[in-house]
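The block underneath contains the structure these notes are about, expressed in structure tokens.
We count ligands from 1, going down the list as the structure has it; atoms in each ligand are counted the same way. Numbers for residues simply follow the sequence, beginning at 1. Please read these numbers as outputs of a predicted model, since none were measured by experiment.
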Amino acid sequence: MPTPTLESIQAIYDLPFTTLIFRAQQVHQRFHDPAGVQLCTLQSIKTGRCGEDCKYCPQSAHYNTGLEEVPLMDPEAILTAARAAQAEGASRFCMGAAWREVRDGPQFDSVLTAVSGVASLGLEVCCTLGMLTEGQAGRLKEAGCSVYNHNLDTSREHYSEIITTRNYDDRLHTLARARSAGLQLCSGGILGLGESVTDRLKLLQELAGLDPQPDSVPINALVPTAGTPLADSAPVDPFEFVRVIATARILMPRAAVRLSAGRTAMSDELQALCFIAGANSIFLGEKLLTTPNPEPSADLRLLARLGLHPIASAHAVAVG
Ligand code: SAM
Ligand code: DTB
Ligand code: SF4
């Protein structure tokens, strides 16, 4: 699919809300189980003291957020967490490390051991470990990792306002290496970083222009964290948030659109609107990586009230 023009994306985004949701539902009903929501669990396997200066992140060593640093978890402890996530109903287990990049050595070897163990439980394995080489991506794939998460976060133009220790092309190169190694891509962004609507649409343009498109697109709402430069950012307008979800669904029909960070600040009704707009995955578990997430029992209750059910995979089910 050729990269959509910004004008065409803006035209979708600006549709009357009712028509936008209708168009998103048409795509959603055609390509996906409309009642299915994939439940993913996050595990921070190495927490804090990250060298990057991402202005939103509680884990950056550049800011004083009071976060307790936790060194790399050993494979056994990770497996215990994965078994618990599986028992709670998760089908995908995502391991996150506060690393700028993967370095070869005993720590990466230990992550590979954990990846094999989690995969052997029958869980879909996703990793998010920062930048990596193609060789490292290949070793992750061989160990049983299916997906690599690496977010573009915002538009190319706004990126340098948020992060100075790496650039947009670094992100795109890592995504390309993960893809060449045969990993599926999970890449999305954060709303609420002081960006304009145009920045959000440019982010969607970048993601939709990847060839092939990402398999999974997490849309996060900033979780403002004391001590970070974005601690006092204004919350995103809820209808603008829903419009971005719907536009992502229309532009990337086959992708899993993940309603990611920021749900504790959302009402049940707003989350339901996000599902109607085409979101078909959430993170399950009382913690994301370091910040709170809704109680699993509350999430399962919400899905039940909406007549939605957990699905093993949020990939497109239809061909066409
Ligand atoms: N260090 C790796 C990286 O940056 O790719 C992996 C872990 S990093 C925490 C994963 C993603 O979490 C970031 O790309 C960002 O999109 C998201 N994130 C981090 N802090 C956040 C916050 N306060 N609110 C919402 N999303 C956040
Ligand atoms: C993504 O896009 N969101 C998740 C996952 N990918 C790794 C991470 C959200 C982190 C929110 C901040 C925290 O809990 O530290
Ligand atoms: Fe580090 Fe990732 Fe946080 Fe940036 S988002 S500071 S790279 S953990």
Side-chain angles (χ1 to χ4, degrees), residues 40-63 65-70 72 92-103 111 125-132 147-154 158-159 162-168 170-175 177-178 185-195 203 207 214 216-233 235-236 241 248 255-266 279 281-294:
C40 307
T41 291
L42 277 172
Q43 179 66 46
S44 183
I45 60 169
K46 184 270 173 186
T47 308
R49 289 216 62 75
C50 179
E52 303 275 34
D53 68 352
C54 312
K55 286 192 173 60
Y56 49 74
C57 187
Q59 306 202 64
S60 168
H62 294 255
Y63 318 118
T65 62
L67 183 73
E68 195 195 332
E69 185 187 353
V70 186
L72 184 66
R92 179 186 284 213
F93 191 72
C94 179
M95 292 174 253
W99 282 335
R100 172 178 157 73
E101 70 227 306
V102 173
R103 303 224 173 109
V111 170
V125 178
C126 172
C127 288
T128 182
L129 313 171
M131 294 185 264
L132 40 61
V147 189
Y148 201 69
N149 165 255
H150 203 66
N151 291 339
L152 291 179
D153 280 343
T154 187
H158 195 57
Y159 201 76
I162 302 299
I163 298 147
T164 67
T165 48
R166 59 167 188 257
N167 63 38
Y168 217 63
D170 291 331
R171 280 322 249 189
L172 289 168
H173 291 148
T174 296
L175 286 170
R177 291 179 193 128
L185 297 192
C186 172
S187 188
I190 312 180
L191 308 191
L193 306 176
E195 75 285 350
L203 165 69
L207 294 168
S216 159
V217 178
I219 306 290
N220 298 275
L222 175 73
V223 181
T225 305
T228 62
L230 294 177
D232 298 320
S233 295
V236 181
F241 190 87
V257 174
R258 302 189 191 278
L259 173 56
S260 303
R263 290 193 302 113
T264 50
M266 295 180 192
S281 173
I282 56 172
F283 286 113
L284 187 75
E286 58 197 22
K287 205 150 94 169
L288 292 163
L289 289 172
T290 67
T291 63
N293 198 39

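- Looking at atom 3 (N) of ligand 2, its nearest protein heavy atom turns out to be Asn220 OD1, 3.0 Å.
- With hydrogens left out, the protein atom closest to atom 7 (C) of ligand 2 is Leu42 CD2, 3.6 Å, a heavy atom.
- Proximity of Lys46 to ligand 3, defined as any heavy-atom pair under 4.0 Å, is not found for any part of the residue.
- At a 3.5 angstrom cut-off on N or O pairs, Val223 counts as close to ligand 1.
- Within the model, atoms NE2 of His173 and CG of Leu132 stand 13.5 Å from one another, a figure rounded to the nearest 0.5 Å.
- Between Pro218 and Asn151 the shortest side-chain heavy-atom distance falls below 4.5 Å.
- When Asn293, Ile190, Thr290 are checked for heavy-atom proximity to atom 13 (C) of ligand 2, Thr290 turns out nearest.
- Atom 20 (N) of ligand 1 has its closest protein heavy atom at Tyr56 CD1, 3.3 Å.
- Distance from atom 5 (O) of ligand 1 to its nearest protein heavy atom, with residue and atom name: Arg171 NH2, 2.9 Å.
- For the pair Arg166 and ligand 3, a heavy-atom separation below 4.0 Å is found.
- In this model, no donor atom of one side chain and acceptor atom of the other lie less than 3.5 Å apart for Tyr56 and Asn220.
- Between Leu42 and Lys287, the closest side-chain pair of non-hydrogen atoms is not below 4.5 Å.
- For atom 5 (S) of ligand 3, the nearest protein heavy atom lies closer than 4.0 Å.
- For the residues Leu129, Thr128, Ile190, Thr65, the heavy atom positioned nearest atom 7 (C) of ligand 1 is part of Thr128.
- Atom OG1 of Thr165 and atom NE2 of His62 lie 5.5 Å apart (nearest 0.5 Å).
- Within 6.0 Å of CD in Glu69 there are more than 12 heavy atoms belonging to other residues, nucleotides or ligands.
- When each atom of ligand 1 is checked for a heavy atom of Leu289 under 4.0 Å away, the hits are 9 (C).
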task: Test side chain to side chain contact (heavy atoms under 4.5 Å, CB included) on Asn293 and Ile282 and set out the steps.
output: CA-CA 10 Å; Asn293 198 39; Ile282 56 172; over 6 Å; no
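- Considering both main-chain and side-chain atoms, Asn149 never comes within under 3.5 Å of ligand 1 through any nitrogen or oxygen pair.
- A donor-acceptor pair is defined here as one N or O able to donate and one able to accept, closer than 3.5 Å; such a pair exists between the side chain of Tyr63 and the backbone of Asp53.
- Atoms CD1 and CG, on Ile45 and Leu72 in that order, are 5.5 Å from each other to the nearest 0.5 Å.
- Within the 4.0 Å heavy-atom criterion, neither part of Thr228 lies near ligand 1.
- Every atom of ligand 1 is numbered from 1 in the order shown, and the set under 4.0 Å from a heavy atom of Trp99 is 1 (N).
- Within the 4.0 Å heavy-atom cutoff, Gly130 counts among the residues contacting ligand 1.
- Judged purely by atom type and a 3.5 angstrom limit, Thr41 has no side-chain atom pairing as donor or acceptor with the backbone of Phe93.
- The proximity of Asn149 to ligand 2, defined as any non-hydrogen pair under 4.0 Å, is limited to the side chain.
- Residue contact annotation: Val223 has no non-hydrogen atom under 4.0 Å from ligand 2.
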message: What verdict does the side chain to side chain contact (heavy atoms under 4.5 Å, CB included) test give for Ile162 and Ile190, after you've listed the backbone C-alpha separation in whole Å, the side-chain angles of each residue and the deciding distance to 0.1 Å?
response: CA-CA 11 Å; Ile162 302 299; Ile190 312 180; over 6 Å; no
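- Set against the non-hydrogen atoms of Pro218, the atoms of ligand 2 under 4.0 Å away are 2 (O).
- Inter-residue side-chain proximity for Ser216 and Arg92 is flagged as met; some heavy-atom pair is nearer than 4.5 Å.
- Checked by atom type and distance alone, the side chain of Glu52 never pairs as donor or acceptor with a backbone atom of Cys50 at under 3.5 Å.
- Distances below 4.0 Å separate heavy atoms of Pro58 from the following atoms of ligand 1: 20 (N), 23 (N).
- Taking 4.5 Å as the limit, every side-chain heavy atom of His150 sits out of range of all side-chain heavy atoms of Leu185.
- Protein heavy atom closest to atom 12 (O) of ligand 1, with residue, atom name and distance, is Asn151 ND2, 4.6 Å.
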Side chain to side chain donor-acceptor pair (under 3.5 Å) between Ser44 and Thr47, intermediate numbers included: CA-CA 6 Å; Ser44 183; Thr47 308; 2.7 Å; yes
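- Selection from Thr291, Thr65, Leu289 by nearest heavy atom to atom 8 (C) of ligand 2 gives Leu289.
- Protein non-hydrogen atoms do reach within 4.0 Å of atom 23 (N) of ligand 1.
- Tyr159 has its side chain within reach of Thr154: a pair of non-hydrogen atoms, C-beta onward, lies under 4.5 Å apart.
- Not a single N or O atom of Ala261, backbone or side chain, sits closer than 3.5 Å to an N or O atom of ligand 1.
- With ligand atoms numbered from 1 in the order given, ligand 1 contributes 25 (C) to contacts under 4.0 Å with heavy atoms of Ala221.
- Counting only protein N, O or S atoms closer than 2.8 Å to atom 1 (Fe) of ligand 3 gives 1.
- Between Arg166 and ligand 1, no pair of N/O atoms sits closer than 3.5 Å.
- Note that the CG atom of Leu259 and the OG atom of Ser281 stand 8.5 Å from one another [nearest 0.5 Å].
- Judged as a salt bridge (charged side-chain N to carboxylate O under 4.0 Å, His left out), and not counting sequence neighbours, Arg177 has no contacts.
- To the nearest 0.5 Å, the span separating OG on Ser187 from CG on Leu175 amounts to 4.5 Å.
- For ligand 3, the atoms lying closer than 4.0 Å to a non-hydrogen atom of Tyr56 are 5 (S).
- Among Cys50, Ala97, Cys94, Cys57, the residue whose heavy atom lies closest to atom 1 (N) of ligand 1 is Ala97.
- Of the polar atoms of Asn151, at least one N or O is found under 3.5 Å from an N or O of ligand 2, judged by distance alone.
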- request: Any chance you could lay out the side chain to side chain contact (heavy atoms under 4.5 Å, CB included) test for Thr228 and Ser60, step after step, and finish with the verdict?
  value: CA-CA 8 Å; Thr228 62; Ser60 168; over 6 Å; no
